[in-house]
Amino acid sequence: MNSATGSNDPRDYLVPQGFEAYTDTDHATWRTLATRQREILKGRIADQFLEGLDRLGIGETGIPDFRVMNERLRAATGWEVVAVPGLIPDLAFFRLLADRKFPAGFWIRKPEQIDYIEEPDVFHDVFGHVPLIMQPVYADYLEAYGKAGLVAAEHGALKRLARLYWYTVEFGLAQTPQGLRIVGAGIASSPSETVFSLDSASPNRIGFDLARVMRTLYRIDDFQETYFVLDGIDAWPSLDLDRLIPLWKELEGQEDIKPGDLQPEDRILTKGDGSYHRAKPKSAA
Ligand code: HBI
Ligand code: FE
């Protein structure tokens with residue numbers, strides 16, 4: 001069974017990590033990526049992310065063995081990382097998150113792909129996503145996200161949830177006592193977007209608002225035109241369904257918002273000048 005046959009049962013996608021099959025080149029690729037990223041993230045990434053890397057022993061030695069990493073992860077928040085071949089159908093994905101299982105690609109990019117890959121590999125998924133799952137508040141948010149996704153499927157709200165994931169789990173920023181910090185995995189695993197998301201004058205940076213995010217389109221092929229900022233490192237949105245379901249209903253009558261557009265009620269931290277994206281050919285929003 002596989003996504004071609006449309007299975008939504010996560011068990012149809014789980015594979016062994018194949019830790020013993022990694023080559024020296026694979027581990028060297030991980031070391032290159034992890035060493036470089038830890039350097040660039042200094043002063044830009046939330047402290048809790050670095051704490052998670054250290055507590056999980058995700059370092060510069062090589063690709064982590066999920067069996068070893070999961071012992072620490074389970075002990076901290078009851079989560080575990082499970083290996084999958086790549087992106088899996090939404091419902092299978094939501095079911096795993098609802099069960100405190102994070103699906104991570106088992107393969108790592110080739111040396112010649114060091115700077116950009118289409119699909120998430122083990123570096124994006126484990127280095128980018130897993131450290132924050134050591135934080136109980138975030139661990140609860142991710143489980144609630146999975147449960148909300150399963151219900152969203154019944155309310156025609158899958159794209160709302162995809163946007164929420166994109167603008168928080170993947171590309172979220174947060175206010176912290178030390179200043180604006182990265183919390184999103186898509187940023188945390190990308191050297192260039194780590195710098196762009198905080199330093200560039202091009203993107204908007206707007207205070208997080210659940211309804212606003214669920215109306216906002218996003219780019220999958222380039223830096224974000226707008227970043228949403230959580231009010232604090234623990235300020236992940238509460239996703240109780242008796243609030244979400246009426247909200248989805250309300251949003252049905254409202255226009256989608258283009259990635260770079262501002263709204264009158266936005267809490268604007270930075271109004272971007274859009275210079276980066278203006279200089280690039282238009283792509284699907
Ligand atoms: N599958 N393995 C994997 N990893 C993801 O991050 C992922 C996925 N399937 C769907 C998906 N993300 C997004 O569409 C979520 O918004 C559901
Ligand atoms: Fe991701």
Side-chain angles (χ1 to χ4, degrees), residues 29 32-34 36-41 44-46 49 86-88 90 93 104-105 107-129 132 145 158-174 180-209 212-230 255-263 266 268-285:
T29 300
T32 304
L33 289 164
R36 179 179 69 176
Q37 206 43 26
R38 280 198 78 139
E39 198 45 46
I40 296 179
L41 286 171
R44 292 192 169 101
I45 191 78
F49 181 97
L87 292 175
I88 63 177
D90 287 356
F93 182 69
W107 54 274
I108 194 161
R109 66 195 75 181
K110 293 291 162 250
E112 60 276 11
Q113 299 171 298
I114 202 95
D115 279 327
Y116 184 72
I117 40 159
E118 295 285 309
E119 287 234 340
D121 70 342
V122 68
F123 182 74
H124 166 83
D125 278 333
V126 172
F127 185 94
H129 280 282
L132 276 184
Y145 176 85
L158 280 182
K159 67 180 179 191
R160 308 281 182 207
L161 266 277
R163 293 169 184 176
L164 176 60
Y165 191 82
W166 199 262
Y167 281 117
T168 56
V169 177
E170 293 293 359
F171 292 97
L173 300 176
L180 216 45
R181 288 291 182 270
I182 293 161
V183 290
I187 309 176
S189 55
S190 158
S192 49
E193 195 148 8
T194 291
V195 176
F196 178 84
S197 67
L198 291 179
D199 297 5
S200 169
S202 182
N204 302 313
R205 296 177 187 87
I206 302 173
F208 176 87
D209 174 274
R212 170 65 157 89
V213 162
M214 293 200 290
R215 290 178 59 197
T216 307
L217 300 165
Y218 56 88
R219 317 215 24 179
I220 56 169
D221 61 343
D222 206 341
F223 297 158
Q224 298 308 305
E225 296 184 55
T226 295
Y227 294 97
F228 288 92
V229 183
L230 299 177
E255 291 280 298
D256 288 342
I257 299 166
K258 289 212 291 293
D261 285 5
L262 291 175
Q263 299 293 301
D266 284 340
I268 299 173
L269 284 76
T270 322
K271 182 178 179 338
D273 62 18
S275 47
Y276 170 85
H277 288 94
R278 227 191 345 273
K280 309 259 304 191
K282 265 288 167 229
S283 59

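Since the structure is predicted, the reported quantities are computational estimates derived from the model, not experimental observations.
With a 4.5 Å cut-off on side-chain heavy atoms, Phe49 and Ile182 do not count as touching. Side-chain atoms of Thr270 and Pro203, non-hydrogen and from C-beta on, never get closer than 4.5 Å to each other. Under the 4.5 Å side-chain criterion, counting only non-hydrogen atoms from C-beta, Ser197 is not in contact with Phe171. For the pair Val213/Tyr218, no side-chain contact is recorded, criterion being any heavy-atom separation below 4.5 Å from C-beta on. The closest side-chain heavy-atom distance from Met214 to Tyr167 is not below 4.5 Å. When side chains are defined from C-beta on, Ile187 counts as touching Leu173, because their heavy atoms get closer than 4.5 Å.
Scanning both residues, Phe228 and Gly207, for their nearest heavy atoms gives CD2-O, 4.2 Å. What you find for Ala46 and Val183 is that their closest heavy atoms are CB-CG1, 4.0 Å. Considering every non-hydrogen atom in both Ile206 and Arg212, the closest pair reads CD1-NH2, 3.5 Å. Of all non-hydrogen atoms in Leu41 and Ala188, the two that sit nearest each other are CD1-O, 3.7 Å. Scanning both residues, Tyr145 and Ala162, for their nearest heavy atoms gives OH-N, 3.8 Å. Closest approach of Pro191 to Ile40, counting heavy atoms only: CB-CD1, 3.5 Å.
In this structure, Tyr165 and Phe93 have perpendicular ring planes: the angle between them is above 60°, well past the 30° mark. Relative orientation of the His129 and His124 rings is perpendicular, given thresholds of 30° and 60° on the angle between their planes.
Just one residue in the list Asp266, Asn204, Asp261 forms a side chain to side chain donor-acceptor pair (under 3.5 Å) with Thr226, and that residue is Asn204.
Atom OG of residue Ser189 and atom CZ of residue Phe123 lie 6.5 Å apart, to the nearest 0.5 angstrom. To the nearest 0.5 Å, atom CD1 of residue Ile108 and atom CG of residue Leu33 are 5.5 Å apart. Note: Leu230 CG to Thr168 OG1 = 7.0 Å, rounded to the nearest 0.5 Å. Distance CD/Gln224 to CH2/Trp166: 6.0 Å, rounded to 0.5 Å. Note: Leu217 CG to Glu255 CD = 10.0 Å, rounded to the nearest 0.5 Å. To the nearest 0.5 Å, the span separating OG1 on Thr216 from CG on Asp209 amounts to 9.0 Å.
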Next item on the list: Report the C-alpha separation of Phe223 and Ser192 in whole Å, then their side-chain angles, then the decisive distance to 0.1 Å, and conclude whether the side chain to side chain contact (heavy atoms under 4.5 Å, CB included) test is met.
Entry: CA-CA 9 Å; Phe223 297 158; Ser192 49; 3.6 Å; yes
Next item on the list: Mind running side chain to side chain contact (heavy atoms under 4.5 Å, CB included) on Tyr227 and Leu269 for me, showing each step along the way?
Entry: CA-CA 10 Å; Tyr227 294 97; Leu269 284 76; over 6 Å; no
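The stretch residues 111-124 participates, sequence neighbours left out, in these salt bridge (Lys or Arg N to Asp or Glu O under 4.0 Å) pairs: Arg36-Asp115, Arg109-Asp121. For residues 198-208, every residue pair satisfying the salt bridge (Lys or Arg N to Asp or Glu O under 4.0 Å) rule, not counting sequence neighbours, is listed here: Arg44-Asp199.
Applying the salt bridge (Lys or Arg N to Asp or Glu O under 4.0 Å) criterion to Glu39, with sequence neighbours excluded, gives Lys42.
Although no hydrogens or angles enter the test, the distance criterion places no donor-acceptor pair under 3.5 Å between the side chain of Glu225 and the main chain of Pro259.
Between Asp256 and Arg163, at least one side-chain nitrogen of the basic residue sits less than 4.0 Å from a carboxylate oxygen of the acidic one, meeting the salt-bridge criterion.
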